[in-house]
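Note on naming: letters A, B, ... go to the chains in the order of the sequence lines (proteins, then strands), and numbering restarts at 1 for each one.
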Amino acid sequence: MTLRAAFQGRAGDFAYDIELEASEELLVLYGHSGAGKTITLRSIAGLARPEAGQIEIGGRTVFDSSSGVDEPPQRRRAGYVVQDVALFPHLNVERNVLIGIEESGDARARWSQLRDALHLDGLDGRRPHELSGGQQQRVALARALVRPTEVLLLDEPFSALDDALRADLRAELTRLQRDFGVPIVFVTHDLREAHLLADSVAVIDGGRILQLAPRDEVFRRPGTRRVAELTGVRNLFAATASGDRVEVDGLELRLPANGARGVIDLGIRSERCILRRFDPDEPPPENCFVGQLVEELAFGNTHTLRFEPDGVGPRIEVEVAARPYEVLGVAERDRWVIELPPEDLLVMPRK
Amino acid sequence: MPRRDQWWVVLPVLFGVFFLLPLIGLGWFAITDGDVASELGSSTTWDALRLSVLTATLTLVLAIVLGTPLAYLLASSEAGWARLTATLLDLPLVLPPVVSGIALLTVFGRRGYLGDPLSEAGITLSFTTAAVVLAQLFVAAPYYVRAAYAGFTAMDPRFEGVAYTLGLSRWRTFRSVTLPLVWPALAGGAVLCWARALGELGATLLFAGSLPGRTQTMPLAILSAFESSAGLAGAVSIAVILVAFALLLLVLLHRLSTPSGAYR
């Protein structure tokens, strides 16, 4: 089963142009609020109508502007959990889940299946307002899966929950994914959640998908400066490349084998930078420069350090775990050597 | 002892007294000077009461059947005409009922714009029971439509969206999801509409007249008693009957519109 979508349209002043593809995997649609995540899900579910394009769910074309196909949401086989879940407040749990198949014969059997799969035992007769946040989420998932479903669309389903509950539900989601074997499109604006859940990540911004790739590729090889920014790369510089060399603010760095030439965007994650003790008698080795510590933020398990260059090199942010921070004695010294390892440098073409 | 900072409670109490006193006055006047017993035995009073209940109920049914789809349509559309129409709905609420009566006469009256075509078709509206219902509908239906419109607008549209993705048709979604969710708003509007129709006087008087048994509803019967030799005493006697009856029905309707098992 797969999901394929390429469509354009507008919602008020907001224009979107989306291209997505997901197989039997968990695709995280990651972006800030207002990036176009919800309109994307609504278009796939058939609740919003793009102006042009095609949408294919499980091999069936459900929308095609050129041939006039526009299946109603009732026939798209898309399970949709909206943000804040929207359980029907006037119906109990069982009726919430079964409302779409009440008139078919196997409603009872389906209910006992889903009740077991999502641990809803004992909740049958409860009203939504009598459930905890985690229980509401599970009921909403059961409701979205009650009919034959070929894609599961989840709009920030865990945003209202605390961390412990999120972790439980994530495990459940991974299991559901395995059992039901459908593509899951999971919308979030939480970077950590995206990293934890995703098989693939689609980075969305300003109504466009900037990059869609397996998770590690998006995080290790962001396609553009904007993707790097959105995925939490704190150090981004304009640089000039030639062969395996690149120059940033007067500092020459070695790159891994790369054909980049001319002006590029260069980045490095703050946790990938290495701190070394400064020794005035020793010139800094390759890919290193001297920096002055100007600002420090302590987060408990990590420390974020900001450096101004002492001579050549860029301003840089370095993240150090609590233990190396203490072992190195960062608190006692201002001047440090910062190493930017070649294999951790992100090279992005400039448009 | 009331606490010092609760002096403001005097205000609602004063307001309550202001509303209660005239009602008590009405009852007391009926007991001392009126003749409620003979009015209860009069067929004119009973005819008026029957007509009032019949027409107000018919008005409510028409308001629900025609007004619910209108309110839903207006609430789900974002177009300019929808907002304009929603505003226009308030117009009958601010018009003096007499003006509404005149407006109805200019169109449906015997010499109104539709008078000739209607009479050629064998239909005379003015000064018939149908005219009473039309007058009440014009004046009272906006109360229902407004309340329904507010209810539909306040509902989170995502409930309907989710229902569609679950395979529910539009009609089933309306029945099993939308309607239960806006039920309190609709019921509140229905009570208002019915009550307003029951009290309708001005528009009815102008458009339908005051013919006992055909167009003379309770308010018209009270007015006509007031203008007759019976005077204030006669009017008050019928008025208390109307008040007692309206009170009874309002309590009943209130019970019906908030059943104990309803969603809250």
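The side-chain heavy atoms of B/V177 and A/I99, taken from C-beta on, include a pair separated by under 4.5 Å. A heavy-atom distance below 4.5 Å is found between the side chains of B/R172 and A/E102.
No more than 12 heavy-atom neighbours from other residues, nucleotides or ligands sit within 6.0 angstrom of CH2 on B/W7. When the shell of 6.0 Å around CG of A/D13 is examined, it contains 12 or fewer heavy atoms from other residues, nucleotides or ligands. Surrounding CZ of B/R146 are at most 12 heavy atoms belonging to other residues, nucleotides or ligands under 6.0 Å away. Atom CZ of A/F14 sits in a crowded spot, with more than 12 heavy atoms from other residues, nucleotides or ligands closer than 6.0 Å. Atom CZ of B/R170 is surrounded by 12 or fewer heavy atoms from other residues, nucleotides or ligands within 6.0 Å.
In this structure, B/F159 and A/F88 approach most closely via the heavy-atom pair O-CE2, 3.4 Å. Residues A/H90 and B/P180 approach most closely at CD2-CB, 3.3 Å, considering heavy atoms. Between A/D84 and B/R158 the shortest heavy-atom distance is OD2-NH2, 4.0 Å.
Note on B/A163, B/S169, B/G161: by heavy-atom pairs under 4.5 Å with chain A, the leading option is B/G161. Most heavy-atom pairs under 4.5 Å with chain B: of the set A/L153, A/I101, A/L87, this distinction falls to A/L87. Contacts with chain B were tallied for A/R76, A/R95, A/Q83; A/Q83 has the most, counting heavy-atom pairs under 4.5 Å.
Only the backbone of A/A78 comes within contact range of chain B, with heavy atoms under 4.5 Å apart.
For a heavy-atom cut-off of 4.5 Å, chain B lies close to A/A45, A/L47 in residues 18-54 of chain A.
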